[in-house]
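Working notes for the structure below.
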Amino acid sequence: MLFAALHYSPRTPPDRIDLPPVLQEHGLIDGLILAGTIYPNLLRRIESIHMPFVAFSNNVVGMGDEQQFDQVGFDDFNGTLHATRHLIARGTARLFSPETLPTRGFIIDSKATGKECAKRN
């Protein structure tokens, strides 16, 4: 497994996105798991090199209903609920979670609700 960062703009044409050298060498990598913020132009770029990939669909921005690619989604509410219940069951009383930072936008509400439900039940 190899982790690599890729910096690109959502406005960059797909054919102008510079891929890491490891992706340009045929035979070194058999497939990709795309995480982090994913824009449609990156998906098109990866498709253009015929590399199999799976994307975390919660991280894909700007696709609308045209999400025609292999994807895995995750449930912030239930994930937070189960994680919080686990920690409470182990005796953890004071919890901190970085999603409470203002930069997390709409995710704050669903995760905060998951924590509240776990504490009540």
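Quick note: numbers below take in every heavy atom, side chains included, and nothing from hydrogens, waters or symmetry partners.
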Item checked: For L6 against L42, the heavy-atom pair lying closest together -> CD2-CD1, 3.4 Å
Check: Can you name the closest pair of heavy atoms from P40 and V61 and give their distance?
Finding: CD-O, 3.1 Å
Checklist line | Partner set under side-chain contact (heavy atoms from CB on, under 4.5 Å) for I49, not counting sequence neighbours | finding: L19, R45, M51
Next item on the list: Verify side chain to side chain contact (heavy atoms under 4.5 Å, CB included) between F69 and V60, making sure each step is shown before the conclusion.
Entry: CA-CA 11 Å; F69 55 89; V60 177; 3.7 Å; yes
Margin query: Quick check: closest heavy atoms across E47 and Q68, and the distance to 0.1 Å?
Written below: OE2-O, 4.3 Å
Check: Counting only N and O atoms by type, is there a donor-acceptor contact under 3.5 Å from the side chain of Y8 to the main-chain atoms of Y39?
Finding: yes
Item checked: Rounded distance [0.5 Å steps], CD1 in I38 versus CZ in F53 -> 8.5 Å
Notebook entry, point to check: For D30, does the CG atom sit with more than 12 other heavy atoms under 6.0 Å from it, leaving out its own atoms?
Noted result: no
Item checked: Check: N59 side chain, G36 main-chain N or O, donor-acceptor pair, under 3.5 Å -> yes
Note to self: When you compare the side chain of L43 with that of L34, does any pair of heavy atoms fall below 4.5 Å?
What the structure shows: yes
